[in-house]
Structure formats: structure tokens, C-alpha cells
Amino acid sequence: PTPIPPTPTATPSPTPTPTPTLAPELAEIARAHGFDPTGDFIVVNQNTQRMHVVKRGVEIRTLPVSTGDPDKGYRTPAWSGRVGRYWGTFLGRGNVWADNGWWLFQAPGGNILIHGLPYLLKDGVKEYEDAQALGLYPASSGCIRLHPQDAEWFTSLQPEGMPIIILPYTGGSSREG
């Protein structure tokens, strides 16, 4: 008898990995502000309370934020430029702390930064302010607030010098935006 060779196991053809694409509106925003949409940049959309982080033309993360609260007379100005130097942990408004601060620019009301949620220290424990606002409505004094873990991630990105675009807030009251 002649031995019958085993049937070779079919090797599945590899499925192509889809090439990530950048949302056309983010690419257009980058171009409109003179930045390369195939490079690195950040877009802060105050109407959606989201920060879009783009690396090499691919959105790598969308983070919920909270910007200036117009109901309390605060605004985060529309602006484009580059992320400035790292401030780390700093004391603001007298007794409120914030971690992972990155300077953006000087505005009429003071410095505008991206940073983690502000907090009070009570018996060595951080009590964060307005965490419920992240991604939903403006609640800051003008800075761009991030969740503490997102602020740590943002700092690990080493964003100094990265182009950033802050779109204007066109909503009504901060709770309607």
C-alpha cells in the first residue's frame, strides 16, 4: 500500500491592517492654522469639551477636558501656538493645587495652562474639584483641565513644542454648550 500524505493545513492569508486615517475636520483645522496635518498636533474643541492628540497624522487619543466657565465670567481664549514649558505641580488661586501643568500663553486674566484637575489637600488627601465637568461642560478659570490620569499620560508624551489649536467656545451658558 502507498501511504497517503497528510493534507497540508491551509495557511490563512493575512488580513491587511487598516491604515488609520485622520478625521477630515481635524486635518482641515490643522491646515487652516498653518500646521502639517500629517505631523503632530493637538486640537482642543471647547464646544465638545474634548482634546484630540494627533501624532504623525494619526489621532492617538481623545481626552475629555473642561475649559473656561463663561457663567462665572471665565473664558479659554481661542488660540494657536505651541505647548510651552512644563510647570509640574503648582499652587493657583491661593489654596488650590494642580499637577502636570504645561504652560500655553499669557491671557488678560492670567496664564493659560493644560493641567490635571485642581485639588485641595485635606489631611494629605487630594480632593479634586469639578471632576464631573470633564467632557461635559466648561468649569475652569480659563485653563484646560484634564483628569489626573490623562494629565499624567499627557506629560509622558513630552508635548513641549507641539502645535496646539484651541477652538473658540460658541455655546451659550456653560451647561448648554
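Throughout, numbering of the chain's residues begins at 1 and tracks the sequence. Everything quoted here is computed from the prediction, not taken from an experiment.
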*asked:* The test is salt bridge (Lys or Arg N to Asp or Glu O under 4.0 Å); show your working for D150 and R61 and say whether it passes.
replied: CA-CA 10 Å; D150 291 339; R61 200 133 177 212; 3.3 Å; yes

*Find the distance between OG1 (T170) and CG (N47) and round it off to the nearest 0.5 Å.*
3.5 Å

*Examine F41 together with F35 and report whether their ring centres are nearer than 6.0 Å.*
no

*Where is the tightest heavy-atom contact between E129 and L117, given as atom of each residue plus distance?*
O-CD2, 3.5 Å

_Does D69 form a side-chain hydrogen bond (donor to acceptor under 3.5 Å, both in side chains) with Y137? I'd like the steps, not just the answer._
CA-CA 8 Å; D69 184 349; Y137 56 87; over 6 Å; no

*If you take all heavy atoms of L146 and P64, which pair is closest and at what distance?*
CD2-O, 4.0 Å

*Are the aromatic rings of W79 and F105 close, with centres under 6.0 Å apart?*
yes

*Determine the sole option in W87, W153, Y86 for which the side chain to side chain donor-acceptor pair (under 3.5 Å) test with N100 is passed.*
Y86

*asked:* For a quick test of reading the model, state the closest non-hydrogen atom pair linking P37 to R31 and the distance between them.
replied: CG-NH1, 3.2 Å

*Could you tell me which non-hydrogen atom of A139 sits nearest to which non-hydrogen atom of R145, and how far apart they are?*
O-NH1, 3.5 Å

*Okay, side chain of T67, backbone of T76: is any donor-acceptor separation there less than 3.5 Å?*
no

*Less than 4.5 Å apart, any side-chain heavy atom of E127 and any of L121?*
no

*Should the ring pair F154 and W102 be called parallel, tilted or perpendicular, given that the plane angle runs from 0 to 90° and is split at 30 and 60?*
perpendicular

*Taking all non-hydrogen atoms of both residues into account, name the closest pair between R75 and P70 and its distance.*
NH1-CB, 3.2 Å

*Is the shortest heavy-atom distance from the side chain of L167 to the side chain of Q46 under 4.5 Å?*
no

*Strictly under 6.0 Å, is that where the ring centroids of H147 and Y128 end up?*
no

